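All values derive from a computational prediction rather than experimental measurement.
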Amino acid sequence: MTVPEEWKHGLESNTPPAPYATDGSDFRGAVRYYYVVSWKNFLKFFPVFFLLWVQLFVFHLDYLLPVAIVGMFGMVWTLILLYGRLTSIRKCSKIFQTYPLEFRTPVEKIGMESTHTLYFRLGDQKGTPFTLRAKDALGRGRWPVGIVDGVWFAGDEPFGGAMIVPGGGELLLLQPRDWREREEDRNTAGPERIEKAKRAGIKGPFRL
């Protein structure tokens with residue numbers, strides 16, 4: 001489901017300024033912060049669901065079964081969220097370690113889906129510009145404030161990459177929207193670029 005055209009520019013996050021450098025000087029602060037927030041969010045909810053589940057075995061009361069079921073599904077869901085977030089952050093970190101951060105401006109908003117997926121084009125693209133799709137590593141689904149003014153990007157557009165938004169410090173993982181249509185761009189990228197993409201873990205399609 002695509003967000004209506006009249007909404008896509010107004011749906012912006014109100015994220016406060018990041019507690020780490022967002023000027024492209026150090027990606028480690030962003031990665032470390034996202035890891036901490038992911039674990040904090042997990043520990044905020046998982047113990048609650050665990051208690052809902054475990055009380056059935058402590059008190060042995062049949063009427064607690066529905067509550068225990070809610071707790072069980074809650075635990076599974078929070079574990080899935082944690083795994084997805086940690087996987088995305090780890091991939092971003094690997095990309096940052098492989099490619100240098102480059103400031104790219106402007107950023108053209110194309111659209112946003114209800115699945116928290118953002119579509120945009122980066123400035124200074126070589127050759128024919130194409131659309132990228134991205135998701136915030138914490139699953140936030142709004143446009144970062146000021147993203148149109150430029151971002152710190154690491155990667156190779158035909159393969160994908162990661163970026164940090166100045167100010168709010170949002171960490172986004174991205175890849176081409178039309179992966180198959182960019183097959184020729186990847187095949188003709190040359191052995192050096194292909195090998196670099198392989199080291200960064202973006203040589204093949206990955207789930208955002």
Rounded to the nearest 0.5 Å, what's the gap from [atom1] on [X] to [atom2] on [Y]? Could you check?
X: Met72; Y: Leu65; atom1: CE; atom2: CG; result: 9.0 Å
X: Thr78; Y: Phe45; atom1: OG1; atom2: CZ; result: 9.5 Å
X: Lys135; Y: Glu113; atom1: NZ; atom2: CD; result: 8.5 Å
X: Arg199; Y: Thr98; atom1: CZ; atom2: OG1; result: 6.0 Å
X: Arg186; Y: Ile202; atom1: CZ; atom2: CD1; result: 10.5 Å
X: Ile89; Y: Tyr35; atom1: CD1; atom2: OH; result: 6.0 Å

Considering only heavy atoms from C-beta outward, does the side chain of [X] approach that of [Y] to under 4.5 Å?
X: Trp143; Y: Leu118; result: yes
X: Leu122; Y: Leu132; result: yes
X: Leu61; Y: Leu64; result: yes
X: Tyr119; Y: Lys109; result: no
X: Leu86; Y: Ser38; result: yes
X: Val148; Y: Pro106; result: no
X: Phe49; Y: Leu79; result: no
X: Arg85; Y: Asn41; result: yes

For the pair [X] (side chain) and [Y] (backbone), establish whether a donor and an acceptor sit closer than 3.5 Å, ignoring hydrogens and angles.
X: Arg104; Y: Phe153; value: no
X: Gln175; Y: Arg133; value: no
X: His116; Y: Arg140; value: no
X: Thr87; Y: Tyr83; value: yes
X: Tyr99; Y: Ala162; value: no
X: Thr105; Y: Asp149; value: yes
X: Lys91; Y: Leu173; value: no
X: Tyr20; Y: Gly169; value: yes
X: Thr22; Y: Gly167; value: yes

Flag if over 12 foreign heavy atoms under 6.0 Å of [atom1], [X]:
X: Lys203; atom1: NZ; answer: no
X: Asp62; atom1: CG; answer: no
X: Arg28; atom1: CZ; answer: no
X: Phe57; atom1: CZ; answer: yes
X: Tyr33; atom1: OH; answer: no

For [X] and [Y], work out which heavy atoms get closest and say how close.
X: Met112; Y: Gly141; answer: SD-O, 3.1 Å
X: Ala18; Y: Gly168; answer: CB-O, 3.4 Å
X: Val107; Y: Gly150; answer: CG2-CA, 4.2 Å
X: Phe96; Y: Ala154; answer: CD2-CB, 3.6 Å
X: Phe120; Y: Ala134; answer: CE2-CB, 3.5 Å
X: Leu101; Y: Gly24; answer: CD1-O, 3.8 Å

Self-check item: Ion pair check, Lys198 and Glu195, cut-off under 4.0 Å
Solution: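 The answer is no: the pair does not qualify as a salt bridge.
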Quiz item: Does Glu157 pair with Arg121 as a salt bridge, N-O distance under 4.0 Å?
Solution: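 Arg121 and Glu157: not salt-bridged.
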Quiz item: Should Tyr34 and Trp39 be marked as a side-chain contact (heavy atoms from CB on, under 4.5 Å) after you check the CA-CA gap, both sets of side-chain angles, and the distance that decides it?
Solution: CA-CA 9 Å; Tyr34 264 64; Trp39 279 106; over 6 Å; no
Self-check item: Residue pair Val67, Leu56: steps toward the side-chain contact (heavy atoms from CB on, under 4.5 Å) verdict
Solution: CA-CA 8 Å; Val67 177; Leu56 175 67; over 6 Å; no
Consider only side-chain heavy atoms of I, L, V, M, F, W and Y, link residues closer than 4.5 Å, and tell whether [X] and [Y] are in one cluster.
X: Ile95; Y: Trp152; answer: no
X: Leu138; Y: Leu172; answer: no
X: Leu174; Y: Val165; answer: yes
X: Leu43; Y: Trp53; answer: yes
X: Ile69; Y: Trp77; answer: no

Quiz prompt | Trace of the side-chain contact (heavy atoms from CB on, under 4.5 Å) decision for Phe50 with Met75 | solution = CA-CA 6 Å; Phe50 177 77; Met75 286 192 301; 3.7 Å; yes
Quiz prompt | Working for side-chain contact (heavy atoms from CB on, under 4.5 Å), residues Phe159 and Asp156 | solution = CA-CA 6 Å; Phe159 299 94; Asp156 194 341; 3.8 Å; yes
Quiz item: Can you tell me if Ser93 and Gln97 form a side-chain donor-acceptor pair at under 3.5 Å?
Solution: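 Yes, side-chain donor-acceptor contact under 3.5 Å.
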Practice problem: Go through the steps to decide whether Arg180 and Glu183 satisfy the test salt bridge (charged side-chain N to carboxylate O under 4.0 Å, His left out), and finish with yes or no. | Solution: CA-CA 5 Å; Arg180 291 184 178 179; Glu183 191 69 30; over 6 Å; no
